[in-house]
Amino acid sequence: MVAALALSVVGPGALVSAGDDGPSRPFPTDRPNRTILRPTEIATGAALPSGKTVVIVVSGIGSEALDGTFDAILAALGTDPSIELHRFGGDPAYAYDTHGSIDESAARLTAEIRQLARTHPKIDIVAHSMGGVVVDAAFRNGLSARDKVGTYVALAVPHDGSTEARLSQPFLTVADLLGARTEFRAITAGIAQDVGSRAVRDLAAAHAGPPPAGVTRLDVRIATDAIVTARDAWTPGVPARLLLPSTIGAIEGHGGATTDPRAVALVRSAIASSRPPAIGWRDAALTVAAAAVSVAVGRLAVPVYCAGLLALVGCAVGLALYRRRRGQRLP
C-alpha cells in the first residue's frame with residue numbers, strides 16, 4: 001500500500017513509460033495473456049485506390065485496439081471527410097504486441113503503412129508514449145517520406161528512452177539475486193507494467209536519433225507528465241511544444257497529451273496544414289512557465305520511483321518467502 005501510494009504521486013502507469021495501461025493482470029511471460037488484436041470500429045479501408053489521407057494512430061504499452069486513448073483526437077479528425085482513420089493493432093493482419101519487441105512491432109507498422117501507401121496518396125502518423133518509440137524504430141529501419149509519410153505527431157513520447165524503465169532494471173536484478181524475480185514482475189504488472197517484459201527492456205535501451213528527412217514533425221508534451229520527462233522526450237533538432245494542462249483530466253500529464261484540448265488542436269492543425277503550428281507570443285510565455293513545472297516534476301520523479309521500486313522489491317521478497325513457506329508458486 002505504501003508503494004502504491006508513493007507511485008500514485010506521479011500518476012498511473014508510473015513504473016514505466018506507458019501509453020495507456022490496460023487492466024492490471026498477472027504477467028508470467030513476455031506476452032500479454034489476452035490478445036490486443038481485436039477488431040476496431042475504425043475502418044481499415046478498401047483495397048481500391050482512394051484520394052483520402054490516412055491518419056494512423058499508434059498507442060503505447062498495455063494498450064488495446066478498442067481502448068479510448070485516441071477518442072478525442074479521432075473525434076476531432078473524423079469531421080474531415082478527406083481523412084481515413086486507422087489504428088495500428090486494429091487490423092489482425094498487422095499484429096501489435098505492445099509488451100513485445102519494439103523492432104518487431106516497427107516492422108509490422110512499416111508493412112501496414114506501405115500497404116496503405118499503395119492505395120492512398122499520403123500517410124500521417126500520430127503516436128502516443130511507447131507508440132512513438134515504435135515509430136522511431138520504423139524510421140530508423142527504413143520507413144521514410146518515400147513511403148508517402150507526410151506528418152509525424154509524437155505525443156508524450158520517450159524518444160531517448162524511458163527513465164522509469166531504466167531505473168526498473170537494476171531493481172529487477174536485485175530481486176532476481178534475492179530469489180524474488182517472479183514475484184517482483186507479478187507485483188509490477190499488477191500495479192502498472194511488467195518490468196521484465198521485452199517492451200520495457202527495449203524502452204530502457206532506446207536512444208533518440210535525427211528526425212526523418214522530408215517528414216513534418218511535431219512533438220507535444222504536458223508539463224505535468226512524470227512518466228515521460230523532458231529528458232526522455234529529447235530528440236536532436238526537434239523542440240517539443242510544452243503545454244500546461246488546460247483541464248482537470250489533463251493534469252495527470254501523460255494520458256493528458258491525448259485529451260487536453262490544446263494538444264488535440266495542435267494535432268489537428270499539424271495534420272491539416274502539414275506543418276508545425278505557429279507559436280504566438282502567448283504560447284511562448286506559457287512555454288516558459290510550463291518548462292519550470294516540467295523541470296520540477298522531472299526532479300521529483302526519480303527519487304519517488306526509486307523509493308517505490310525499493311518498496312516493491314521488499315514486498316516481492318516477503319511474498320516469495322511466504323509462498324515458499326506455504327509451498328506455493330506463482331502461476
Side-chain angles (χ1 to χ4, degrees), residues 19 42 44-45 47 49-60 70 73 77 80 82-91 93-98 100-161 199 202-203 205-220 232-241 266-277:
I42 302 172
T44 56
S50 170
K52 293 186 176 183
T53 293
V54 168
V55 175
I56 184 166
V57 295
V58 187
S59 55
F70 292 104
I73 292 172
L77 296 176
D80 187 340
S82 68
I83 289 177
E84 183 175 298
L85 300 172
H86 293 250
R87 178 160 179 171
F88 181 45
D91 183 348
Y94 303 99
Y96 182 23
D97 178 359
T98 68
S101 165
I102 286 177
D103 278 339
E104 290 178 8
S105 294
R108 288 189 285 269
L109 175 63
T110 299
E112 181 170 9
I113 288 174
R114 287 175 173 167
Q115 178 64 30
L116 290 167
R118 296 175 62 183
T119 53
H120 295 76
K122 182 170 174 280
I123 314 292
D124 293 329
I125 305 171
V126 179
H128 178 237
S129 193
M130 189 193 76
V133 182
V134 172
V135 176
D136 293 344
F139 282 122
R140 183 175 63 247
N141 295 333
L143 185 68
S144 70
R146 292 190 298 274
D147 298 303
K148 299 183 180 179
V149 179
T151 302
Y152 170 28
V153 179
L155 305 172
V157 172
H159 300 287
D160 204 41
D202 286 352
L203 280 169
H207 290 289
V215 176
T216 297
R217 173 74 172 265
L218 173 66
D219 281 25
V220 179
D232 297 339
W234 174 82
T235 297
V238 182
R241 293 291 295 270
L266 287 172
V267 173
R268 186 175 183 180
S269 175
I271 296 297
S273 64
S274 297
R275 62 177 181 268

A.B. asks: Which heavy atom in P121 sits nearest to a heavy atom in S50, and how many Å separate them?
C.D. replies: CD-O, 3.2 Å
A.B. asks: Is there side-chain contact between D147 and S144, with at least one heavy-atom pair below 4.5 Å?
C.D. replies: yes
A.B. asks: Per the side chain to side chain donor-acceptor pair (under 3.5 Å) rule, which among H86, E84, Q115, K52 passes with H120?
C.D. replies: E84
A.B. asks: Which heavy atom of A137 sits nearest a heavy atom of I102, and at what distance?
C.D. replies: CB-CG2, 4.0 Å
A.B. asks: Applying the side-chain contact (heavy atoms from CB on, under 4.5 Å) criterion to I125, which one of V55, V134, I113 satisfies it?
C.D. replies: I113
A.B. asks: Please work out whether the ring planes of Y152 and F139 are parallel, tilted or perpendicular, with thresholds of 30° and 60°.
C.D. replies: tilted
A.B. asks: Which heavy atom of G60 sits nearest to which heavy atom of S129, and what is that distance?
C.D. replies: CA-CB, 4.5 Å
A.B. asks: Which of these passes side-chain contact (heavy atoms from CB on, under 4.5 Å) with T216: I271, V149, T151, V153?
C.D. replies: T151
A.B. asks: A side-chain contact here means heavy atoms from C-beta on lying under 4.5 Å apart; do M130 and L203 qualify?
C.D. replies: yes
A.B. asks: Looking at every non-hydrogen atom in both residues, tell me the closest pair between A138 and A106 and how far apart they are.
C.D. replies: N-CB, 3.5 Å
A.B. asks: Using atom types as modelled and distance alone, determine if a side-chain donor or acceptor of D80 lies under 3.5 Å from a backbone N or O of L77.
C.D. replies: no
A.B. asks: If you look at every heavy atom in S59 and F70, which pair is closest and at what distance?
C.D. replies: CB-CE1, 3.5 Å
A.B. asks: For S101, does its backbone N or O pair with a side-chain atom of S105 as donor and acceptor, under 3.5 Å?
C.D. replies: yes
A.B. asks: Apply side chain to side chain contact (heavy atoms under 4.5 Å, CB included) to residues H159 and V238 and explain how you reach the verdict.
C.D. replies: CA-CA 11 Å; H159 300 287; V238 182; over 6 Å; no
A.B. asks: Can you measure from CG (D91) to CD (E112) and round to the nearest 0.5 angstrom?
C.D. replies: 5.5 Å
A.B. asks: Search all heavy atoms of K122 against all heavy atoms of G150 and return the closest pair with its distance.
C.D. replies: CE-CA, 4.1 Å
A.B. asks: Test of understanding: with salt bridge (charged side-chain N to carboxylate O under 4.0 Å, His left out), list the residues that count as partners of R146, not counting sequence neighbours.
C.D. replies: none
A.B. asks: Please report the C-alpha distance between V133 and V157 in whole Å, then the side-chain angles of each, then the deciding distance to 0.1 Å, and finally whether the side chain to side chain contact (heavy atoms under 4.5 Å, CB included) criterion is met.
C.D. replies: CA-CA 7 Å; V133 182; V157 172; 4.3 Å; yes
A.B. asks: Nearest 0.5 angstrom please: R114 CZ to L109 CG, how far?
C.D. replies: 10.5 Å
A.B. asks: Distance check, rounded to the nearest 0.5 Å: L85 atom CG versus T53 atom OG1?
C.D. replies: 11.0 Å
A.B. asks: Only counting residues at least two apart or in another chain, list the ones meeting salt bridge (charged side-chain N to carboxylate O under 4.0 Å, His left out) with K148.
C.D. replies: none
A.B. asks: Going through the checks in order, is the side chain to side chain contact (heavy atoms under 4.5 Å, CB included) test met by L155 and I73?
C.D. replies: CA-CA 11 Å; L155 305 172; I73 292 172; 3.5 Å; yes
A.B. asks: To the closest 0.5 Å, what do you measure between CZ (R241) and CG (L218)?
C.D. replies: 7.0 Å
A.B. asks: Mind checking salt bridge (charged side-chain N to carboxylate O under 4.0 Å, His left out) for D136 and listing every partner two or more places apart, or none if nothing turns up?
C.D. replies: none
A.B. asks: So does R140 pair up with D103, basic N to acidic O under 4.0 Å?
C.D. replies: yes
